Structure formats: C-alpha cells, structure tokens
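Naming: A, B, ... by sequence-line order, numbering from 1 per chain. From a predicted model like this one, the values you see are computed outputs, not experimental measurements.
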Amino acid sequence: VPLLPRAFFWLVSLLLASLIWFVSVHLSDRENAKLQYGLLIFGAAVSVLLQEAFRFAYFKLLKKADEGLATISEDGRSPISFRQMAYVSGLSFGIISGVFSVINILADSIGPGIVGIHGDSPYYFITSAFLTMALVLLHTFWGVIFFDACEKRRYWCLGLVVASHLLTSGLTFLNPWYEASLVPIFIITLGTGLWAFITAGGSFRNILKCLSCKQEDDSRVMMYSALQVPFED
Amino acid sequence: MITFMNNSDSEEEPCNERTSLMSAESPPVPSYQDGLQASEAGEAQAHRKRRTGGSRSPNNIADGEMSDSSVPVRESTLENEEEELTLKYGAKHVIMLFVPVTLCMIVVVATIKSVRFYTEKNGQLIYTPFSEDTPSVGQRLLNSVLNTIIMISVIVVMTVFLVVLYKYRCYKFIHGWLILSSLMLLFLFTYIYLGEVLKTYNVAMDYPTLILVIWNFGAVGMICIHWKGPLQLQQAYLIMISALMALVFIKYLPEWSAWVILGAISIYDLMAVLCPKGPLRMLVETAQERNEPIFPALIYSSAMMWTVGMAKPDTAARGPSQQTWDAAEDGRENHRSPSHADSQMSETRSPVPTRPITSLEELEEEERGVKLGLGDFIFYSVLVGKAAATASGDWNTTLACFVAILIGLCLTLLLLAVFKKALPALPISITFGLVFYFSTDNLVRPFMDTLASHQLYI
C-alpha cells in the first residue's frame with residue numbers, strides 16, 4: 001500500500017521531534033511551568049519543521065523511484081501520475097498525523113467520565129474531532145501543493161506551505177478560546193483546499209464538466225473504451 | 001527454501017507443527033518460485049521458513065532459448081519487461097502479504113484489548129523457568145536473558161531434530177507430529193479462547209452447542225490445512241492459528257523475556273537462514289536435492305493452487321524446450337502451485353515458440369504467489385500484541401509498531417526481489433518494531449500526551 005512509507009516517514013519525524021523535546025525537558029528546570037510551556041511550543045515548532053523536511057525527503061525519494069519506473073516502462077511514462085502520488089502522500093501524512101492525534105482521545109471517550117470536570121471546556125471532544133478533520137484535510141492539500149511546488153521549483157510556494165503549517169499549529173495553542181482557533185483554522189483549510197484544487201489543474205469549468213458528465217450518453221463512452229482495447233495491448 | 005513452523009503451545013505439549021495446505025503431491029519438475037524466506041519461530045520446536053521471491057532467471061533462460069533464433073534485440077526488451085514485471089510483482093506480493101499480516105495483528109490486538117484473560121499473569125511456560133518478580137533490575141535482566149537462552153536453545157534443538165528426521169526420511173513421524181500439534185491448536189486452544197471471549201462478554205453457551213461449534217471448527221480446520229480446501233478458507237485458518245499461538249505467547253511470556261526473546265529470535269533467524277551450516281538452509285538444500293516440496297509446510301501462501309487435473313495433460317505434451325528449462329530450474333525449489341502452473345506454461349511454450357512472451361509472463365504473474373512462514377505471523381503479532389498490552393501510551397505505540405512491522409516486511413520483500421533467494425523475514429521487521437516500540441513508548445508518548453492535554457496539534 002503506497003500509504004505506508006509515507007506514514008513511516010512521518011513517524012520518524014515525530015520520533016526525532018520528541019527526542020529533541022525530551023532532551024530539552026530533561027535538561028531544563030522541571031518545576032517552571034512557563035518554561036515547560038515554552039519548551040512545548042518549541043517542541044511543536046521543531047516537529048512541524050521536521051515534518052515538512054521529511055515531506056521534502058519523501059518527495060525526493062518518490063522522484064527517484066518515479067524516474068526509475070519511467071526508464072523501465074516501455075513508453076517512458078511512469079504508471080502512476082505524479083499528481084496522484086502527491087495526493088496519496090499528503091493523504092497518508094494526514095491520516096497518520098490525525099490518527100495519532102485523536103485515537104487516544106477516542107479511546108478515552110468510550111470510558112466513563114465527565115468532560116471538562118476540572119474546569120476545562122466541555123466541548124473538548126467535538127472540537128478535537130473538528131480539528132483533526134481540518135488537520136487531515138490540510139495535510140492532504142499541503143501535500144499536493146508541496147509536490148507541485150517542488151516540481152515547478154516555486155520555492156515561495158514551499159515557504160508558504162511551511163508558514164501555513166506553522167500558523168495552524170500555532171493557532172491550536174489558543175485552544176480553549178475556540179472562536180479564535182477553530183474559525184481561522186477552517187478558513188485556512190478552505191483557502192488551502194482551493195489553492196490545491198487550482199494547483200492540481202482544476203477550475204470552475206472542470207467542476208461543471210464533471211457534474212454534467214454524469215448525464216452524458218453512457219453508451220458513447222463505452223464504445224470509445226471498446227475501441228481503446230486493442231491499442232492498449 | 002521452505003518454511004516450517006512448529007509451534008508448541010503450553011507446558012503440556014511438546015510441539016506443534018502446522019502444515020500448509022497445498023496438495024501433497026510433489027511436482028515432477030521443480031519450477032521456480034518466488035524465492036524463499038526462512039525464519040525460525042515457535043517455542044519448543046519451531047521452524048519457519050518462508051519462501052518468497054521471484055526468480056526470473058529461469059524465465060530468462062527459457063526466453064533466451066527462444067529468442068536465440070529471433071532478433072537479439074528481443075532479449076533486451078525481454079529483460080526490460082522482466083524487470084518491470086519484477087517491480088510490479090514485488091508490489092503485488094507486498095499487498096498480498098500485507099492483508100493477512102494486518103488481519104492477524106488486528107485479531108490479536110482486538111483480543112488483547114478486550115479479553116482480560118490474556119493480560120493476566122497466570123504463570124509461565126516451563127521453557128521460561130526464571131521468574132521476573134525480582135526486586136532488583138539487574139536480577140530481572142539476568143533472569144530474562146537466561147529465559148531467552150533456554151528458549152532459543154529449545155528451538156535450535158527442535159529444528160535440528162526436524163532436519164535430522166527429514167534427512168533420514170522419517171516422513172511419517174513428521175506428519176504425525178504436525179497433525180498432533182495442529183489438532184491441539186485447533187481444538188484445545190480454540191476452546192480456551194472461546195471460553196474466555198464468552199466470559200468477557202457474559203454470553204452463556206451450553207455444552208452441546210460448544211461441542212458442536214468446536215468440533216466443526218476443528219474438523220474443517222484439519223481438513224483445510226492438511227489436505228485440500230478452498231484457498232481463502234485455508235488462509236483464514238492459518239491466520240486464526242497464528243493469532244491463537246501469538247496470544248498464548250503474549251500471555252505466558254514474562255515481559256522483559258518477551259522482548260529479549262524477540263530480539264534473539266531475529267538474530268537466530270538471520271543466522272539459521274543465511275549461514276551455510278544453518279539448519280534451515282540444510283533443510284532446504286536437502287529438499288532441493290531430493291526434488292521434493294520440502295514439506296507441506298507451515299507456510300502461508302497467497303496464490304491459487306491449480307488442480308491436479310490441470311497439470312497432468314500438460315506434462316504429457318511437454319516439448320524439448322522443457323528439458324533445458326528443467327535443467328536450469330534444478331537449483332530452485334518449487335513446490336505448490338508454481339509447479340503446476342509452470343508445467344502448464346512450459347507446455348504452452350513448446351508448441352508455440354513464436355507466441356509473444358508477454359502473455360506467458362502474464363500467465364506466470366497470476367500463478368506466482370508469495371509464501372510467508374506462519375512463525376513470522378506469530379512473532380509479528382506477538383510484538384504488536386505485547387505493545388498493545390503493556391504500553392501505557394496505548395494506541396499510539398501499537399500503531400507505531402504496526403507501521404514499523406509492515407515497513408520492515410516491505411523492505412524484506414524488496415530485498416527478496418533483488419536477491420532472489422530465501423531470506424529471513426523476521427530481522428528487519430522485528431528490529432524496526434522494537435526500535436519503534438521503545439522509542440514511542442518513552443519519547444513520543446509524553447510528548448503527545450502533553451500536547452493533547454493542551455489540545456495542541458502539530
């Protein structure tokens with residue numbers, strides 16, 4: 001399954017980030033809560049940067065593999081389109097990151113307990129769910145944009161992706177104040193989604209064509225594909 | 001190489017072996033298989049070998065013969081096609097093995113999480129006599145190392161015993177042994193498992209129903225595994241057996257011993273398969289010399305078996321090209337379907353030499369499958385199950401180990417496609433799994449917990 005190496009890369013990046021955080025925590029003063037919080041922010045930022053670095057590394061790896069496949073295959077094209085790979089890579093990054101963020105919360109949500117009994121927000125679970133969804137989508141979009149930017153060497157796009165990732169992560173720091181964090185994050189998600197869509201070559205016309213395709217004459221399509229078969233031999 | 005797997009269960013039984021299904025007839029001609037992987041496993045006697053891989057060279061040689069008369073350019077295109085096929089095959093095989101390994105792990109993790117029985121400490125196996133309830137860390141470490149040494153030596157002794165039996169052709173003994181062990185696994189362990197699951201969910205079941213269910217399950221399992229049956233049913237039974245075995249291991253192995261044993265077994269696997277005097281390697285070579293399927297072994301195979309009827313008429317019509325092909329194939333093992341499939345292939349080759357090679361290769365593609373020893377399944381599941389049972393970071397650690405093991409499997413299959421000979425399946429995956437387990441448990445978990453408590457996302 002092509003999702004797995006990507007997830008592996010994300011895990012490794014997480015591991016390294018936690019290592020850094022752990023070391024920094026141990027080297028510092030345990031009692032100082034502010035310092036700990038600051039270290040946490042530092043750890044989160046480092047983790048974001050490492051994730052993007054690993055995304056880049058994965059891109060390089062994929063490029064090499066793609067070239068290898070292209071040289072081997074008969075017609076010089078690779079069997080998987082690069083867009084698809086970007087999408088899959090972003091998706092798997094998103095899935096593993098989302099799953100890691102949310103699965104313990106889910107497991108706890110089955111058990112007995114009252115949410116927010118110590119004065120925290122009672123909407124913890126719902127907001128976690130929304131945030132995770134936004135994060136997964138964001139990772140997918142970032143994957144598409146990132147790969148496209150690397151292909152076309154538009155480094156400002158890369159910088160923008162990294163900056164938006166940092167921004168999103170930073171917004172979650174505002175968390176019990178949900179209006180300030182959830183709403184901007186969703187706006188960012190929508191914006192990134194639109195950007196990814198445009199990058200992947202979509203447009204308003206494409207959407208219309210896609211919607212109207214379903215009403216087209218299917219038999220015509222089938223005949224066309226029937227014609228195609230001998231060529232694909 | 002073949003994979004053997006003996007699993008010995010609890011204190012009472014010495015050893016189990018499981019034989020994979022495939023019909024017991026030896027193919028007349030060894031055909032190439034996808035490589036083998038061997039790994040050792042099991043408590044008392046456990047041999048597992050796994051065989052996977054794709055050998056392309058016979059294909060090459062056969063193709064070469066025919067293209068000799070044609071344009072030499074054809075050969076290079078053939079090689080290219082073969083390389084491409086190797087890669088495609090590799091990907092297909094990877095997927096074919098991921099599903100059963102994933103299923104086995106899911107079953108084990110689900111059971112561990114829900115049924116309390118398997119995480120309670122109710123004693124230990126006689127193979128691990130040293131207890132871990134000692135006050136000092138050093139003592140505990142020493143005890144676990146001693147346990148590991150005992151366990152591994154038991155496994156080595158059993159493997160050597162099996163090799164000796166095989167060398168002296170005591171087939172009946174081996175078959176009886178295998179049947180006895182799978183009998184015990186299918187009946188006794190299923191009974192215990194079912195009992196515990198029913199207890200957990202507080203469902204009542206009367207004895208007549210229980211006897212009916214267990215009898216049917218066990219009898220069908222025996223038939224499927226040792227004789228013939230639908231491929232998917234056989235695969236399902238093998239997965240269930242591996243899960244049961246892994247659960248027993250998880251329950252009865254003390255914690256530190258389990259981790260040290262996992263590490264030691266991957267080292268042993270590496271040595272037993274790759275060293276020239278390793279028992280598994282000797283076993284495989286002996287089987288190759290005798291031109292037999294090493295054993296209706298304890299392997300999980302992912303491809304379809306052709307029926308006997310299909311192969312027979314083909315063998316009659318083999319042409320002269322078959323001869324050279326057989327000679328080339330001599331060094332390889334072939335057991336199970338490739339034999340039938342290849343004989344059919346060779347048959348189609350001789351009468352139609354001008355036929356485009358790609359179609360024949362496509363035929364081969366579908367027929368070749370990948371084999372993984374059941375012991376590999378067991379030890380992967382033991383690792384993930386232990387992670388689920390003992391890690392305090394719960395699901396994160398389990399997931400991380402799961403991903404690590406699958407990536408290790410991927411890499412091993414890749415190496416297999418490159419080296420085209422039997423490879424041990426355990427070392428890479430177990431190493432990754434162990435590394436990820438310990439690092440996730442100690443490093444990532446506090447980080448993620450702290451992040452989650454502030455509801456921060458990275």
Side-chain angles (χ1 to χ4, degrees), chain A residues 1-2 4-5 7-8 10-12 14-19 21-23 25 36-37 40-41 43-48 51 68-69 71-74 79 96-108 120-121 124 127-128 131-132 134-135 165 168-169 171-173 175-176 181 185 233, chain B residues 77 79-88 91 94-95 97-99 102 113 356 358-359 362 388 391-411 414 432 435-436 438-458:
Chain A
V1 181
L4 272 171
F8 183 66
W10 187 85
L11 276 177
V12 174
L14 184 64
L15 211 76
L16 288 175
S18 337
L19 183 64
W21 178 79
F22 196 72
V23 166
V25 162
Q36 292 300 311
Y37 197 67
L40 197 63
I41 297 181
V46 165
S47 155
V48 166
Q51 279 180 40
L69 275 178
T71 49
I72 287 178
S73 81
E74 289 176 338
I96 186 95
S97 137
V99 163
F100 254 67
S101 309
V102 99
I103 202 152
N104 276 331
I105 300 178
L106 277 180
D108 284 337
D120 300 316
S121 158
Y124 187 76
T127 48
S128 299
L131 275 175
T132 315
L135 204 72
H165 195 170
T168 315
S169 182
L171 278 175
T172 56
F173 277 88
N175 243 338
S181 64
I185 286 185
D233 203 340
Chain B
T77 39
E79 279 171 25
N80 275 346
E81 284 169 14
E82 280 188 14
E83 270 181 56
E84 182 184 346
L85 280 172
T86 316
L87 285 179
K88 275 199 213 155
V94 164
I95 296 178
L97 276 187
F98 268 11
V99 175
T102 312
K113 288 282 181 195
T358 29
S359 55
E362 280 164 21
S392 35
D394 271 353
W395 293 96
N396 279 349
T397 323
T398 315
L399 267 179
C401 287
F402 172 72
V403 171
I405 287 182
L406 285 183
I407 293 286
L409 191 63
C410 230
L411 280 174
L414 214 78
F432 276 1
V435 163
F436 266 78
F438 284 113
S439 51
T440 313
D441 200 30
N442 297 321
L443 296 176
V444 177
R445 189 181 45 83
F447 188 44
M448 292 304 285
D449 280 346
T450 331
L451 282 180
S453 65
H454 293 276
Q455 219 178 4
L456 302 173
Y457 283 82
I458 50 165

Quick one: what part of A:Leu19 sits under 4.5 Å from any heavy atom of chain B, side chain, backbone, both or neither? both
Kindly write out the residues that satisfy side chain to side chain donor-acceptor pair (under 3.5 Å) with A:Ser169, not counting sequence neighbours, or none if the list is empty. none
B:Ala400 versus A:Leu11, closest heavy-atom pair with distance: CA-CD1, 3.9 Å
Using the ring-ring contact (aromatic ring centres under 6.0 Å, His included) criterion, which residues pair with B:Phe447? Sequence neighbours excluded. A:Trp21
Heavy-atom pairs under 4.5 Å with chain B are the metric here; pick the option from A:Ser18, A:Ala17, A:Ser47 that has the most. A:Ser18
Given the options A:Val12, A:Val99, A:Leu40, which has more heavy-atom pairs under 4.5 Å with chain B than any of the others? A:Leu40
So which heavy atom on B:Asn442 is nearest to which on A:Phe22, and how close? O-CE1, 3.7 Å
Region of A:Ile96 in contact with chain B, defined by heavy-atom distances below 4.5 Å: side chain
A:Ser97 versus chain B, heavy atoms under 4.5 Å apart: side chain, backbone, both or neither? side chain
